[in-house]
Number of protein chains: 2
Amino acid sequence: MFNRELLKGSTSLVLLQLLNERDMYGYELVKELDKRSDHSLQVKEGTLYPALHKLEKQEYIEFYWQEQEKGPARKYYQITQEGREVLIEKTEEWQQFVNVMNKVIRRPKNDPVKD
Amino acid sequence: MFNRELLKGSTSLVLLQLLNERDMYGYELVKELDKRSDHSLQVKEGTLYPALHKLEKQEYIEFYWQEQEKGPARKYYQITQEGREVLIEKTEEWQQFVNVMNKVIRRPKNDPVKD
DNA sequence: GATAGATACCTTTTAATACTAGGTAGGTGA
DNA sequence: TCACCTACCTAGTATTAAAAGGTATCTATC
């Protein structure tokens with residue numbers, strides 16, 4: 001597990017990305033993230049549900065209920081067109097951030113910073 | 001400029017890295033980060049000084065005053081041995097986080113997730 | 001049938017931390 | 001004079017991840 005603070009600002013990006021692949025329900029998102037990250041991205045339900053509700057308010061995602069033959073009903077989330085646009089922006093932003101961080105923290109020799 | 005939240009959890013890493021290269025004073029750190037990141041990592045003074053004071057309390061950095069012939073005295077910060085050890089840990093943590101994020105947000109085809 | 005654990009949703013409160021907006025003071029240049 | 005740069009600082013606000021709790025259904029085991 002990482003410093004929890006590292007995830008800040010990236011949760012919505014990760015959720016939009018997963019929902020861009022397919023509709024998923026909250027509990028499924030938690031399990032999927034855990035699986036894909038080899039148990040190092042354990043987003044907690046206290047993080048997930050408020051984050052989903054915010055994305056919904058922003059109209060980046062929508063939901064629909066689906067009754068199950070067995071077990072509780074599932075609230076499936078679906079990305080919207082606006083959500084897809086925001087996802088592209090956020091992904092670019094993330095890539096830029098990583099580039100800048102690498103520039104700052106991994107300073108190769110013979111690469112002087114110009115003023 | 002990025003989503004401000006992306007920086008969370010990374011500020012101390014960045015500061016320790018810069019101070020691992022040479023002693024610097026607060027105002028210099030702000031300018032240096034701005035320069036190295038092509039003006040995309042503009043850490044504000046309201047962020048910097050509390051962060052430095054925290055690192056100091058944790059004994060990852062120390063300071064000494066240096067009077068200037070002209071202008072206000074400068075408070076130079078210096079990384080400690082403990083700080084260097086923490087820097088190594090934090091750098092590894094950052095790399096792992098980036099790896100996991102890339103795994104989650106950039107899903108190549110023909111790379112199914114195994115259960 | 002009782003109990004534990006998994007599934008599935010949720011909220012309230014706490015903690016961490018980046019930023020806004022302000023302050024002090026000296027130096028420089030038009 | 002006035003603006004702007006250097007150089008330090010803090011109080012308050014906003015955001016958000018997590019902890020800790022709740023509800024309800026279903027399944028498996030003793």
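So you know, we letter chains A, B, ... as the sequences are listed, proteins then strands, and number each from 1. The structure displayed is predicted, hence computed values, not measured ones.
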With clusters defined by side-chain heavy atoms of hydrophobic residues (ILVMFWY) lying less than 4.5 Å apart, directly or transitively, does A:Ile88 cluster with A:Val14? no
Side-chain donor-acceptor pair present, B:Gln96, B:Glu92, cut-off under 3.5 Å: no
Separation of D:dA17 atom P from A:Leu29 atom CG, nearest Å, is 14 Å
Students should find this one: the first and last nucleotides of DNA chain C, 5' to 3', lying under 4.0 Å from a heavy atom of chain A. What are they? C:dT7 to C:dT17
Roughly how many Å is it from CG in B:Leu6 to P in D:dA17, rounded to a whole number? 11 Å
Expressed in angstrom and rounded to an integer, what is the separation of A:Glu67 atom CD from D:dC26 atom P? 11 Å
Using a strict 4.0 Å threshold on nitrogen-to-oxygen distance, state whether A:Lys35 and A:Glu28 make a salt bridge. no
Minimal non-hydrogen separation, B:Leu6 against A:Phe97, with atom names: O-CZ, 3.3 Å
For A:Leu33 and D:dA17, give me the distance from atom CG to atom P, rounded to whole Å. 12 Å
Summarise protein proximity over nucleotides 3-12 of chain D in one line of letters, 5' to 3': B for base, S for sugar-phosphate only, - for none, counting protein heavy atoms closer than 4.0 Å. ---BBBBB--
Check: D:dT15 base within 3.5 Å donor-acceptor of B:Lys8 side chain: yes
For A:Leu55 against A:Ser12, the heavy-atom pair lying closest together: CD2-CB, 4.0 Å
Within 45° of the ring axis of B:Phe63 and under 6.0 Å from its six-membered ring centre, is that where the NZ or CZ of B:Lys75 lies? yes
Send over the distance from A:Leu55 CG to D:dT16 C1', rounded to a whole Å. 12 Å
Short N-O contact, B:Lys54 and B:Glu59, less than 4.0 angstrom: no
Sequence neighbours left out, what passes side chain to side chain contact (heavy atoms under 4.5 Å, CB included) with B:Glu89? Give chain and number order. none
